[in-house]
There are 2 protein chains.
Amino acid sequence: MTPAEKIFAIERFQSSDSAPLYLRLKKLVQDAIVADELKQGDSVPSERDVAELLQVSRVTVRKAFLELVSEGLLVQKRGSGTFVGNPKPRFEQPLSRLTSFSEDMRLRGLKTEAQWLSRETRLPTPEESLKLSMSPSEYVARFHRLRSANGEPLAIEDAVIPHKFLPDIKSVENSLYDALDANGFRPVRALQRLHAVALDAVEARLLDLKEGSPALFIERVSYLPDGRIVEYTRSHYRGDSYDFVAELNLAPEAKS
Amino acid sequence: MTPAEKIFAIERFQSSDSAPLYLRLKKLVQDAIVADELKQGDSVPSERDVAELLQVSRVTVRKAFLELVSEGLLVQKRGSGTFVGNPKPRFEQPLSRLTSFSEDMRLRGLKTEAQWLSRETRLPTPEESLKLSMSPSEYVARFHRLRSANGEPLAIEDAVIPHKFLPDIKSVENSLYDALDANGFRPVRALQRLHAVALDAVEARLLDLKEGSPALFIERVSYLPDGRIVEYTRSHYRGDSYDFVAELNLAPEAKS
DNA sequence: CCAATTTGGTATTGGTTTGGTATTGTTGTT
DNA sequence: AACAACAATACCAAACCAATACCAAATTGG
């Protein structure tokens, strides 16, 4: 018996409960998530498979899944499947702010400029497909720019957005998030990964530095409320002019 | 039977697993690397050869190889072939957790080592006085160490604590926060500032890198519940092995 | 040096799997 | 009797998987 068959066991589903079938299934999935039997990112059996396991129609399964999707517990993608979403940020308190470069600079009172290196609609690279969880045949909008503040180049930013969230790439003038917001697709959270790198010749020239100079490399994936990935951005921040500041709180589980 | 034929044996490839062919092949290669059957730099049979061995199309093999390439496990060169890459593990630290290096590594189940570079009580430098908001005539305890995980140097840490919070500097064996906790002075929050730097000759030698290699420089000031500053630490994390990860939430005030 | 060969790289197509929608029938409630 | 909720069947379309065919860089051998 596979884990999925265990979770979607007809015995769990059939109960003395007289609730409608779709509500019972909904609760079954909720309980499995709470019990950590289904974790974020896990794939859920297809609607047809669940329908067969539980001996109900696929539309009944669908109705249950749709409610879970609207609550962020599940994420669905036609042709791909159904996956457990991330309904709640892992940390109890927001510790860092999700802002775009423009907003960040504005908050600091700096005048920003952006030089377009590339702004185009094209197909994603395999790596971008993976990070964005999208089909390689689905178009993306790419915004590649050199960001400066007070006339000084500070960062190279390479953002990739699924085209469907930003049909008019010309609408992005300064703030990427403003443009996404205008289309009703503002991200609410993101996962960011960063480490130090040495700039290659091209990057160094753009940032007015020597090849090999240290830079902060940041890779970010951001999410809509319903769990869909809306942005994948890679940035290089020059090491000598850009500090990231974070205010931290004690991690409760770190108590020894 | 050559080693390659053994690795890419159709028996290993065919399994009861119902996963797509390309994912099975991907896993086969990953497993061979983990088992050290394929080592860094080894050449991998050509796509056509693997396709023939496993009786699938070359594009199916290609799809598996492309994902492995994007993850750094394989490297491809047209006309030359496919080789095992250098998938060195990268350590990750959540950027939003206030933990010491020891706790962080322990949470990951890694064996950590620390080599003392310096552990002494002395007067603070002017910079340290400023950061700690203390009198230059007040003693501090300094803990300067090279931190490693699994035998590999990862970070240089230079922590300064006002002496009054840590009278017995010998009590710090592994975790600085454990020792502070034992004295009732565990920090509850911190302000951290980070950017990329190039390692100088001394730092580079400690971390087994070339002078000028990129590193992440983190400066942290942490606070007791009553607002007193309890720690000022400067660390260098090598850029090639250490990722910081942050999960972010939308800043409400950033709405435009 | 150059043609042939080997290798990775790309475009296109068709079948299958998956989610998405429309419509219809049954049952309970008002 | 009318209506809403529940649950079904049937059909549509996006995405994935896997194939064939062709292109081009790099290597090899004469």
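Everything numeric here is computed off the predicted structure, so don't read it as measured data. Residue numbers begin at 1 in each chain, while the letters A, B, ... track the order of the sequences.
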Choose from dC12(D), dA7(D), dA19(D) the nucleotide whose nearest atom is closest to any side-chain atom of Val56(B).
dA19(D)
Gln76(B) CD - dT10(C) C1' separation (whole Å):
13 Å
Taking 4.0 angstrom as the limit, do Glu219(A) and Arg234(A) come out as a salt bridge?
no
Tell me whether Glu37(A) is salt-bridged to Arg12(A), with the criterion being a basic N under 4.0 Å from an acidic carboxylate O.
yes
From the candidates dT21(C), dA18(D), dG8(C), the one with an atom nearest any side-chain atom of Val59(A) is dT21(C)
Between CG of Leu21(B) and C1' of dT16(C) the distance, given in whole Å, is 13 Å
What residues from residues 22-30 of chain B pass a heavy-atom cutoff of under 4.0 Å to DNA chain C?
none
Tell me the interatomic distance from Lys77(B), atom NZ, to dT28(D), atom P, rounded to whole angstroms.
12 Å
The side chain of Pro20(A) lies closest to which of these nucleotides: dC16(D), dC6(D), dA18(D)?
dC6(D)
What nucleic acid atoms does Ser57(B) come within less than 4.0 Å of, heavy atoms only: base, sugar-phosphate, or nothing?
base
Can you confirm whether the side chains of Ser148(A) and Glu113(A) place a donor and an acceptor under 3.5 Å from each other?
no
Does dA15(D) have OP1 or OP2 sitting under 4.0 Å from an N or O in the side chain of Ser80(A)?
no
What's the closest nucleotide to the Thr60(B) side chain, out of dG8(C), dC6(D), dA18(D)?
dA18(D)
Has the side chain of Lys27(B) got a donor or acceptor atom that lies under 3.5 Å from a matching backbone atom of Arg24(B)?
no
Glu47(A) CD to dT17(C) C1', straight-line distance once rounded to whole Å
12 Å
Whichever of Lys63(B) and Arg48(B) has the more 5' nearest nucleotide on DNA chain D, that residue is Lys63(B)
Using whole Å, what does the distance between atom C1' of nucleotide dT18(C) and atom CD of Glu52(A) come to?
15 Å
We want to know whether Glu231(A) and Tyr223(A) form a side-chain donor-acceptor pair, criterion being a heavy-atom distance below 3.5 angstrom.
no
Leu66(A) CG to dA22(C) P: how many Å, rounded?
13 Å
With the side chain of Ser46(B) defined as its heavy atoms from C-beta on, choose the nearest nucleotide among dG19(C), dA18(D), dG8(C).
dG8(C)
Lys/Arg N to Asp/Glu carboxylate O, Lys6(B) vs Glu11(B), below 4.0 Å:
no
Ignoring hydrogens and angles, does a donor from either the side chain of Arg62(A) or the base of dG19(C) sit under 3.5 Å from an acceptor on the other?
no
To the nearest Å, how far apart are Arg78(B) CZ and dG8(C) P?
11 Å
Rounded to the nearest Å, what distance is computed from the CG atom of residue Leu54(A) to the C1' atom of nucleotide dA8(D)?
15 Å
Classify the side-chain pair Thr82(A)/Gln76(A) by whether it contains a donor and acceptor separated by less than 3.5 Å.
yes
